[in-house]
Amino acid sequence: MINMLLRLVGSQVEAAVDKEVEQKLKRLPNKLNEFNYDAWGFHPEMAKYGFTISVWLYRYYWRTEVFGIEKVPEGRVLLIGNHSGQLPIDGVLINVAMLLEAEPPRLVRAMIERWFSTLPILSTFVARHGQILGDPKNCIKLLENGECVLVFPEGVKGAGKTWYDRYQLMEFGLGFMRLALKTKTPIVPVSVIGGEEQAPSLQNVKPIAKMLGMPYFPITPTFPWLGLLGLVPYPTKYRIYFGDPLEFTGDPNDTDEEIQKKVDIVKSKIYKNIRYGLAQRKNIFW
């Protein structure tokens, strides 16, 4: 009886998998071992369930619009974007966009914060979906393998920014540029509109964040007042703008000052499309 119930539940779950997601995942140039994992823990059979949920959110909850995705070149590439929203929804939606709307479909390898690796269930979940700990060695190996790597150079300062700093870019780390120069990888600037309003932080309570071992502890209009329900992000409309590829040359071990000049070019491109996107939208929900 129990086995029959499990088979029934399993068949219902399998039937719910988005068929387009399944087909797109099959088209990825995966190099899988005998257990269907790749070298970084990606497992397409498990990922199809998470991607099915993400695609529904992408289409119907955040009603995502994508511009310029055809500009992303084939082969190794660094996607460099602005970060916001308290939760990494921007990374999820960029990942879905590249899977669904890029031709051929691409699996985005997001460089995740080290804090996520301390969360047992979540760290495994993101690994099965192709995401990687943000370590330079990992990034170099992925780029040498021809992968599409996503980096948010603002880090947690971008994700945890308050409402008063919305759509203002925090300081960019220099590491991504050194990696681009070392591996001769083109950079595509990515500008995301919509994340700043999904969970507007009124204040970051640093003492509580430190006590809980979190990168930040936001106070929003609904959190912590509504408990876990207050963590549900608002259904803001997302717009993602992919810019023209940028190629840089130079010594990856150059001074911070010289590297900063190149980083500032990428940052200015991202900011330009942020301003353009904000001017184009009617309001935060449409």
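Everything quoted here is computed from the prediction, not taken from an experiment.
In summary, the aromatic rings of Phe51 and His129 are positioned with their centroids under 6.0 Å apart. Taking the ring centroids of Phe152 and Phe176, they lie at or beyond the 6.0 Å cut-off.
Hydrophobic clustering of Ile, Leu, Val, Met, Phe, Trp and Tyr side chains at less than 4.5 Å, counting indirect connections, keeps Trp225 apart from Leu229. Note: the hydrophobic cluster containing Tyr60 also contains Tyr58 (ILVMFWY, side chain heavy atoms under 4.5 Å, direct or indirect links). Hydrophobic clustering, with ILVMFWY side chains joined whenever heavy atoms are under 4.5 angstrom apart, groups Leu57 together with Val55. Cluster membership check: Tyr234 does not share its hydrophobic cluster with Trp286, using side-chain heavy-atom separations under 4.5 Å among Ile, Leu, Val, Met, Phe, Trp and Tyr. Tyr164 and Leu169 fall into different hydrophobic clusters, where Ile, Leu, Val, Met, Phe, Trp and Tyr residues are linked whenever their side-chain heavy atoms come under 4.5 Å apart, directly or through other members.
A 4.5 Å side-chain heavy-atom check between Ile187 and Val77 finds every atom pair outside the cut-off. Two residues are said to be in side-chain contact when any heavy atoms from C-beta on lie closer than 4.5 Å; Cys148 and Leu107 fail this criterion. Between Tyr167 and Glu197 there is a side-chain heavy-atom pair separated by less than 4.5 Å. Annotation: side chain of Pro44 is not in contact with side chain of Leu28 (no heavy-atom distance under 4.5 Å).
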With side chain to side chain contact (heavy atoms under 4.5 Å, CB included) as the criterion, how do Val151 and Leu79 come out once you've worked through the C-alpha distance, each side chain's angles and the decisive distance to 0.1 Å? CA-CA 6 Å; Val151 177; Leu79 304 181; over 6 Å; no

Lys237 and Glu65: CA distance, side-chain angles, deciding distance, salt bridge (charged side-chain N to carboxylate O under 4.0 Å, His left out) verdict: CA-CA 8 Å; Lys237 183 174 178 63; Glu65 284 188 275; 3.4 Å; yes

For side chain to side chain contact (heavy atoms under 4.5 Å, CB included), just list the numbers for Leu93 and Ser54, CA-CA rounded to whole Å, side-chain angles, deciding distance to a tenth of an Å, and then say yes or no. CA-CA 8 Å; Leu93 298 184; Ser54 299; over 6 Å; no

For a side chain to side chain contact (heavy atoms under 4.5 Å, CB included) check, start with the C-alpha distance between Phe125 and Met46, then their side-chain angles and the critical distance, and finish with the verdict. CA-CA 9 Å; Phe125 179 81; Met46 294 184 185; over 6 Å; no

Checking Glu45 against Lys26 for the salt bridge (charged side-chain N to carboxylate O under 4.0 Å, His left out) test, could you report, in this order, the C-alpha distance in whole Å, the side-chain angles of both residues, the deciding distance, and whether it holds? CA-CA 10 Å; Glu45 281 301 307; Lys26 288 179 179 178; over 6 Å; no

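Pairs passing the side-chain hydrogen bond (donor to acceptor under 3.5 Å, both in side chains) check and including a residue from residues 198-208, sequence neighbours excluded, read Gln198-Tyr238.
Ion pairing of Glu154 with Lys161 is present here, as a side-chain N (NZ or NE/NH1/NH2) and a carboxylate O approach within less than 4.0 Å. Here Lys141 does not pair with Glu144 in a salt bridge; the nearest charged N to carboxylate O distance is not below 4.0 Å. Using a 4.0 Å cut-off between charged side-chain N and carboxylate O, Arg106 and Glu147 make no salt bridge. Look at Asp38 and Arg109 and you find a salt bridge, because one of the NZ, NE, NH1 or NH2 atoms lies within 4.0 Å of a carboxylate O, short of that distance. Salt-bridge check for Arg178 with Asp256: passed, with a basic side-chain N closer than 4.0 Å to an acidic carboxylate O. Between Glu103 and Arg27, at least one side-chain nitrogen of the basic residue sits less than 4.0 Å from a carboxylate oxygen of the acidic one, meeting the salt-bridge criterion. Checked for salt-bridge contact, Lys184 and Glu247 miss the test: no charged N lies under 4.0 Å from a carboxylate O.
Applying the side-chain hydrogen bond (donor to acceptor under 3.5 Å, both in side chains) test to Arg63 and every residue at least two apart in sequence or in another chain returns nothing. For Glu20, the side chain to side chain contact (heavy atoms under 4.5 Å, CB included) criterion is met by Asp18, Lys24, Arg59, Leu100, not counting sequence neighbours. For Tyr37, there are no side-chain hydrogen bond (donor to acceptor under 3.5 Å, both in side chains) partners two or more places apart in sequence or in a different chain. Take Glu74 and apply the side-chain hydrogen bond (donor to acceptor under 3.5 Å, both in side chains) test, not counting sequence neighbours, and it matches no residue. Applying the side-chain hydrogen bond (donor to acceptor under 3.5 Å, both in side chains) test to Asp135 and every residue at least two apart in sequence or in another chain returns Arg114.
The distance from the CD1 atom of Ile240 to the CD1 atom of Ile69 is 8.0 Å, given to the nearest 0.5 Å. Rounding to the nearest 0.5 angstrom, the gap separating the CG atom in Asp251 from the CG atom in Asn253 is 5.0 Å. Distance CZ/Arg239 to CG/Leu278: 9.5 Å, rounded to 0.5 Å. Here the CG-CE distance, from Leu142 to Met111, works out to 5.0 Å after rounding to the nearest 0.5 Å. Note that CG of Leu174 is 12.0 Å distant from CD of Glu258, once rounded to the nearest 0.5 Å. Interatomic distance, Ser191 OG to Tyr276 OH, rounded to the nearest 0.5 Å: 12.0 Å.
In terms of heavy-atom proximity, Ile270 sits nearest to Val190 at CG2-O, 3.8 Å. Taking each heavy atom of Leu87 and Leu231 in turn, the nearest pair found is CD1-O, 3.6 Å.
Without hydrogens or angle criteria, Arg128 side chain to Gly41 main chain gives a donor-acceptor distance under 3.5 Å. Side-chain N or O atoms of Thr236 include one that pairs as donor or acceptor with a backbone N or O of Gly194 at under 3.5 Å. Side chain of Asn138 to main chain of Leu133: a donor-acceptor pair is present (N/O by atom type, distance under 3.5 Å, no hydrogens or angles). At least one donor-acceptor pair closer than 3.5 Å links the side chain of Thr222 to the backbone N or O of Gly230. Although no hydrogens or angles enter the test, the distance criterion places a donor-acceptor pair under 3.5 Å between the side chain of Lys267 and the main chain of Met170. Judged by distance alone, with hydrogens and angles left aside, the side-chain atoms of Arg166 form no donor-acceptor pair with the main-chain N or O of Gly195 at under 3.5 Å. Side-chain atoms of Asn30 do not come within 3.5 Å of backbone N or O of Leu32 as any donor-acceptor pair.
Counted by atom type alone, Gln280 and Tyr241 present zero donor-acceptor pairs between their side chains at under 3.5 Å.
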